[in-house]
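Notes to accompany the following structure.
Residue numbers begin at 1 in each chain, while the letters A, B, ... track the order of the sequences. Predicted model, so just to flag it, every value in this text is computed and none were measured.
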4 protein chains.
Amino acid sequence: MLASVASRPTFKRLPRAVREQQMLDAAVRVFSRRGFHEASMDEIADEAGISKPMVYAYLGSKDDLFRACVNREGTRLLESIVSVVGDDLPADEQLWRGLRGFFAFVGAHRDGWAVLYRQAKSRQPFADDLAALRTRIVAVVAGMLGRAVQAARTSAHEQDLTASAYALVGAAESIADWLADHPEADPDHSAARLMNFSWLGARQLLQGELWQPSSA
Amino acid sequence: MLASVASRPTFKRLPRAVREQQMLDAAVRVFSRRGFHEASMDEIADEAGISKPMVYAYLGSKDDLFRACVNREGTRLLESIVSVVGDDLPADEQLWRGLRGFFAFVGAHRDGWAVLYRQAKSRQPFADDLAALRTRIVAVVAGMLGRAVQAARTSAHEQDLTASAYALVGAAESIADWLADHPEADPDHSAARLMNFSWLGARQLLQGELWQPSSA
Amino acid sequence: MLASVASRPTFKRLPRAVREQQMLDAAVRVFSRRGFHEASMDEIADEAGISKPMVYAYLGSKDDLFRACVNREGTRLLESIVSVVGDDLPADEQLWRGLRGFFAFVGAHRDGWAVLYRQAKSRQPFADDLAALRTRIVAVVAGMLGRAVQAARTSAHEQDLTASAYALVGAAESIADWLADHPEADPDHSAARLMNFSWLGARQLLQGELWQPSSA
Amino acid sequence: MLASVASRPTFKRLPRAVREQQMLDAAVRVFSRRGFHEASMDEIADEAGISKPMVYAYLGSKDDLFRACVNREGTRLLESIVSVVGDDLPADEQLWRGLRGFFAFVGAHRDGWAVLYRQAKSRQPFADDLAALRTRIVAVVAGMLGRAVQAARTSAHEQDLTASAYALVGAAESIADWLADHPEADPDHSAARLMNFSWLGARQLLQGELWQPSSA
DNA sequence: CATGAATGAGCTTTCATTCAT
DNA sequence: CATGAATGAAAGCTCATTCAT
C-alpha cells in the first residue's frame with residue numbers, strides 16, 4: 001500500500017498522447033453527465049486534473065473536443081459489433097451475436113453511449129459524424145440480412161431490407177438508451193428480448209413462439 | 001379617434017388563455033429550430049410578438065416554459081394515437097392504426113416532435129416528464145398486445161410483452177426521428193415499413209412474406 | 001445647492017439616447033487613456049456607471065463601440081473646421097481660420113483626438129473610417145488652395161496641391177498630437193506657428209519674415 | 001555519421017549576438033504585421049525559428065522585446081539621416097538630403113517604420129523611448145535651420161525654429177506613414193514634394209514657384 | 001543550451017431574469 | 001396589463017510567462 005503511494009507517478013509533465021486520452025476520458029464523462037451545453041470546459045479540465053489551456057492546446061475548441069469524443073466512442077462501438085459477427089454464420093446467429101456485442105458495449109461504456117446518442121444526435125454540427133456512424137452500422141446489419149435472403153433464395157425488396165435494418169437499429173438504440181440508465185440491468189437479457197422481437201415479429205411472439213440461441 | 005381604437009383589429013388585450021397558446025406555439029417553434037439552450041427567451045418573445053416579461057408572467061421560467069411545451073405536445077401525441085385505435089379490433093389492425101396515427105402526428109407536427117425527443121430526451125430536468133409519457137405509450141401498446149394474447153389463448157410472459165412494446169416504441173421513435181428531418185417523406189410509408197418488420201419479424205421478411213392492411 | 005441635490009435625478013432608467021451618449025463619453029475617455037486593446041469593456045462600463053450588458057445591448061461589440069467613438073469624434077472635428085472657414089475669404093485667412101478651428105477642437109477634446117489618431121490609425125478595421133475622414137479634410141484644404149491658385153491666375157500642378165494639402169494636414173496632426181499631451185499649451189499659439197511655417201515656408205522664415213493675421 | 005553531424009549546415013548553436021538579431025528581425029516583422037497586442041510571443045518565436053523560452057531567455061519580456069525593436073530601428077533611422085547631411089552645405093541642400101535619407105529609410109524598412117510609429121506611438125510604456133528619438137531628430141533639424149539663420153545674419157526666434165522643425169518632422173512622419181502603406185511609391189518623389197512645400201511655403205507654391213535641387 | 005508541457009489571469013460576450021415606469 | 005431598462009453570473013477562449021526535463 002505504502003509502496004504504491006510512494007511509487008505513484010507525479011502525474012505531471014506527461015507526454016501528449018497520454019494527456020490527450022485522459023482529457024478525452026474526462027470529457028466523455030462530463031458530457032455524459034451534463035450534456036453538451038451544460039458541460040463547461042472548466043469542469044472538463046478539472047475532471048481531467050489539468051488546466052483549461054491544455055485542453056484547448058491539445059484538443060481545440062469545445063466543438064472539436066466533443067467531436068473527438070464522438071469519434072472515439074463511435075469507433076469503439078463499431079469495432080465491438082463487427083469483431084464478433086462471423087461472416088459465414090447463419091443469419092440469426094449473426095444477428096444474435098451483433099446484438100450481444102452492441103448491448104455489451106453499451107453496458108460497459110454507458111457514458112460513451114450517452115455522449116454518442118443523447119448529445120450528438122441533437123446537435124447539428126455533430127449530427128453528421130453520427131449519421132456516418134449510424135449508416136455504417138445500418139449497412140452492416142443490412143448486409144447481414146441480405147446474405148440471409150440470398151441463402152434463402154427469396155427476393156425481398158432491398159428497400160424493405162434497409163427499412164428493416166433501420167427499425168432494428170432504432171429499436172436497439174432505444175433499448176440501449178434505457179439500458180444506459182439502469183446500471184443493474186443485464187445487457188444479455190436486453191439482447192435476447194430484442195432478438196426475439198425482431199427475429200420472430202410480434203405475431204409469432206403473440207402465439208407463444210420463442211427463439212433460442214443455437215449454441216445453448 | 002375613439003372609434004378607431006375600439007374597432008382596431010390588432011392582437012392586443014387578448015384573453016390570457018389565447019396568449020398562452022400563442023406563446024407556446026412560438027416556443028415550440030423556437031425550441032425546435034434552435035434546441036433548448038440555443039433558444040433565447042428574447043427570440044421566443046419576439047416570435048410570439050410579445051415582450052419578455054409577459055412570457056415570464058404567464059409561463060414562468062425557461063424551464064417551466066419548456067416543460068409546458070413538452071406536456072402540450074406529448075398530450076397531443078398520445079391523443080392522436082389513442083383516438084384511432086379501436087379497442088375491439090384485431091391486434092394487427094390496432095397496431096397498424098396506432099402506427100399510422102403516430103407517424104401522422106410526427107409528420108404534421110415536426111416541430112413538436114423535435115421538441116419532445118431531440119431536446120427533452122437529452123435534458124435531465126425534463127427527461128422525467130418524457131419518461132412518463134413514454135411509459136403511457138408503452139402501456140397502450142402492451143395492453144394492445146396483451147388483449148391479442150388473450151384472444152389467441154396463448155401464454156406469453158408479461159415481461160416479454162413489455163419488452164416487445166419497448167422495442168416497438170423505440171423503433172417507431174427512431175424512424176420518426178428520421179421522418180422529422182425529411183419533409184418530403186410520406187408518414188404512411190414509414191408506418192407500413194415498420195408494421196411489416198414488427199409484425200412479421202426479420203425471419204418472415206427474409207422469407208418474402210409481407211403483411212397487408214386488411215382494409216385495403 | 002441642497003435643491004440641486006434634492007432634484008438630482010436618480011440616474012436610473014434613463015432613456016436610451018441619453019445612456020448611449022454617456023457610454024460614448026466614457027468609452028472615449030477610456031480608449032484615450034488606455035488605448036484600444038488595453039481598454040477593457042469592464043472599465044468602460046464602470047466609467048459609464050452602468051453594467052456591461054447595457055453597453056453590448058446599445059452599442060454592440062467592442063469594435064462597434066470603438067467605431068462609434070471614432071465616428072462621433074470625427075464628425076465633431078470636421079464640423080469645427082468647416083464651420084469657421086468662410087468660402088469667399090482670401091486663402092491665407094481661410095487657412096488661418098481652419099487651423100485655429102482644428103487646434104481649438106484638439107485643445108478642447110484632447111481625449112477625442114487621442115482616440116481618433118493614436119488608436120484608430122493603427123487598427124486595420126478602423127483605419128478605413130479614419131481614412132475617409134482624413135480624405136475629407138484633405139479635400140477641404142486642397143479646395144481652399146485650389147481656389148487661391150485660380151485667384152492668383154497661376155498654374156500649380158494639381159498633384160502638387162494635393163501633396164501640399166497632405167503635408168499640411170500631416171504637420172497639423174503631428175502638432176495636434178503634441179498638443180494633446182500638453183494641457184498647458186495654447187492652441188492658438190500652435191495654430192500661429194504652423195500657419196507661419198506652412199504659408200511662408202522655411203526659406204522665408206529663415207529670412208526673418210513673419211505672417212500676420214489680417215484682422216489683427 | 002559523425003562527419004555528417006559535424007558538417008551539418010543547420011542554424012543551430014549560433015552565437016548569442018546572431019540569434020538575438022534573428023529574433024529582433026522576426027519580432028519587427030511580426031509587430032509590424034500584427035501590431036503590438038495582436039502579436040503573440042508564439043508567432044514571434046515561430047517566425048524566428050526558435051522556441052519561446054529562448055526568446056525570454058535572450059530578450060526578456062514582451063515589453064522588453066518590443067523596446068529593443070524600437071531602439072534598434074530608431075537608431076538605424078537616425079543614422080540614415082545624420083550620415084547624409086553634410087554639416088557645411090547650404091541649408092536647402094541639407095534639408096533636401098535629410099529628407100531623402102529619411103524617406104529612403106522608410107521605403108527600405110517599412111516594417112521597422114511601422115513598428116516605430118504605428119505601434120510605439122500609441123503605447124504609453126514605449127512612447128517615452130519614441131519621444132526621445134523624436135526629440136533627437138527635431139534637434140538635428142532645428143540645428144540645421146539655426147546654422148542657416150546665422151549664415152543669413154537674420155534673427156528668427158528660437159521658438160519659431162523649433163516649432164518649424166516640429167512641423168517639418170510631423171509632415172515628414174505623416175507622409176512616411178502613407179509611404180509605408182504604398183510599396184509602389186517612390187521615396188524620392190515624396191521627399192521632393194515635401195521639400196517644395198516646406199522650403200517655399202504654400203504662398204510661393206500657389207504663385208507657381210518650384211524649388212530645384214542645386215545638384216541636378 | 002533548448003524545449004515541450006503547463007498554468008493563472010484576464011477578456012469579450014451572452015443570457016435568464018427582474019425592476020420601475 | 002405591458003414594457004424598456006438594467007444586471008449578476010457564467011462561459012469559451014487566449015496569452016504571456018515559467019518549469020522540468
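Applying the side-chain hydrogen bond (donor to acceptor under 3.5 Å, both in side chains) rule to A:D25 yields the partners A:R72; only residues at least two apart in sequence or on another chain are considered. Remark: C:R67 engages C:D129 in a salt bridge (charged side-chain N to carboxylate O under 4.0 Å, His left out) (not counting sequence neighbours). For D:E38, the side-chain hydrogen bond (donor to acceptor under 3.5 Å, both in side chains) partners are C:H37, C:R123, not counting sequence neighbours. Residues forming a salt bridge (charged side-chain N to carboxylate O under 4.0 Å, His left out) with B:K52 (at least two apart in sequence, or on another chain): B:D42. The side chain to side chain contact (heavy atoms under 4.5 Å, CB included) test applied to D:S51 returns D:P53, D:M54, not counting sequence neighbours. Looking at residues two or more places apart in sequence or on another chain, you find no side-chain hydrogen bond (donor to acceptor under 3.5 Å, both in side chains) involving A:D46. The side chain to side chain contact (heavy atoms under 4.5 Å, CB included) test applied to C:T75 returns C:E79, not counting sequence neighbours. Take C:E47 and apply the side chain to side chain contact (heavy atoms under 4.5 Å, CB included) test, not counting sequence neighbours, and it matches C:A26, C:R29, C:V30, C:R33. Contacts of A:D111 classified as side-chain hydrogen bond (donor to acceptor under 3.5 Å, both in side chains), with partners at least two apart in sequence or in another chain: A:S32.
Contact between the side-chain N/O atoms of D:R19 and the OP1/OP2 oxygens of E:dA2 is found at a separation under 4.0 Å. Distances shown here put every side-chain N or O of B:Y58 at or beyond 4.0 Å from the OP1 or OP2 atom of F:dC1.
The distance from atom CZ of A:R13 to atom C1' of E:dA5 is 5 Å, rounded to the nearest whole Å. Residue C:R16 contributes atom CZ, which lies 14 Å from atom C1' of F:dT3 at whole-angstrom precision. Atom OH of D:Y56 is separated from atom P of E:dT3 by 15 Å (rounded to the nearest Å).
Taking the C1' atoms of five terminal pairs at each end of the helix from E:dA2-F:dT21 to E:dT21-F:dA2, the two resulting helix axes are inclined by 10°, rounded to 10°.
Heavy-atom distances under 4.0 Å link DNA chain E to B:A39, B:S40, B:M41, B:K52, B:P53 of residues 36-55 of chain B, given in residue order. Only at 4.0 angstrom or more do the heavy atoms of residues 59-71 of chain A sit from any atom of DNA chain E, so none qualifies.
Counting heavy atoms from C-beta on, the side chains of B:E20 and B:L59 come closer than 4.5 Å.
Seen from the ring of A:F36, A:K62 counts as a face-on cation partner, given the 6.0 Å and 45° thresholds.
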